[in-house]
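The basis for the numbers below is simple: all heavy atoms, side chains too, and nothing from hydrogens, waters or symmetry mates.
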Amino acid sequence: MNEELAITVGAAARAARVRLGLTQADVAERVGIAMEVYSRMERGKVLPSVTTLRRLCQVLRIGADTLLGLEVEALDPPMEEGAAATPGEDPPRLRRLVRALRALDAVQLKAVAQVVHGALGLLRR
């Protein structure tokens, strides 16, 4: 039963994540769990705690009944690539880029900034 439930929760979470145009890393960050844990959850390998289930419902904008497979929610069409999940929110590509930049040290970040400024200069010509 737990394995079946884990698969149901994972499939519903994945469908909601894709519908919102989010990455696994986006969801994990917003829920407050490691990306690897969220990935295992989506694959039906682990069940979320009650607290995590609640946060998943909030982040994925999905009812607990739907996430638990008790009811099927009508899904909105998938979002266009580059579209923000909510007004005023950055698109998924930009969020991934910012996450990658945060991992850089000061020297690496300065080098990336120089490359970007150089590329922008070429594009403006």
Colleague: State plainly whether the residues Asp26 and Arg99 are in salt-bridge range, i.e. N to O under 4.0 Å.
Modeller: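 Here Asp26 pairs with Arg99 in a salt bridge, since their nearest N and O are under 4.0 Å apart.
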Colleague: Are the side chain of Thr8 and the backbone N or O of Glu4 linked by a donor-acceptor pair below 3.5 Å?
Modeller: yes
Colleague: Under 4.5 Å between side-chain heavy atoms, hopping through other hydrophobics if needed: is there a path connecting Met35 to Val9?
Modeller: no
Colleague: Ile62 versus Leu56: any side-chain heavy-atom pair under 4.5 Å?
Modeller: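 Not touching, per the 4.5 Å side-chain cut-off.
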Colleague: Stepwise, does the side-chain contact (heavy atoms from CB on, under 4.5 Å) test hold for Arg19 with Leu60?
Modeller: CA-CA 9 Å; Arg19 174 178 50 91; Leu60 297 173; 5.7 Å; no
Colleague: Once you round to the nearest 0.5 Å, how far does CD1 of Ile7 lie from CD of Glu42?
Modeller: 13.5 Å
Colleague: Looking at CE of Met41 and OG of Ser49, how far apart are the two atoms once the value is rounded to the nearest 0.5 Å?
Modeller: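 It comes to 7.5 Å.
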Colleague: Can you hop from Leu5 to Leu70 via hydrophobic side chains spaced under 4.5 Å?
Modeller: yes
Colleague: Can you check side-chain contact (heavy atoms from CB on, under 4.5 Å) on Asp105 and Gln108, steps first, answer last?
Modeller: CA-CA 5 Å; Asp105 64 30; Gln108 293 169 322; 3.2 Å; yes
Colleague: After noting the C-alpha distance and the side-chain angles of Leu53 and Leu68, does the key distance pass the side-chain contact (heavy atoms from CB on, under 4.5 Å) rule?
Modeller: CA-CA 9 Å; Leu53 181 74; Leu68 295 169; 4.3 Å; yes
Colleague: How long is the span from the CG atom in Leu109 to the CD atom in Gln114, to the nearest 0.5 Å?
Modeller: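 Leu109 CG to Gln114 CD: 10.5 Å, rounded to 0.5 Å.
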Colleague: Do Val116 and Val112 have side chains that get closer than 4.5 Å, going by heavy atoms?
Modeller: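 SC-SC contact between Val116 and Val112 confirmed.
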Colleague: Please confirm whether the backbone N or O of Gly32 pairs with a side-chain atom of Arg55, one donor and one acceptor, at under 3.5 Å?
Modeller: no
Colleague: Without swapping roles, check the side chain of Arg17 against the backbone of Leu22 for a donor-acceptor pair under 3.5 Å.
Modeller: yes
Colleague: Quick one: CZ on Arg14 to CD on Gln24, what's the gap to the nearest 0.5 Å?
Modeller: 8.0 Å
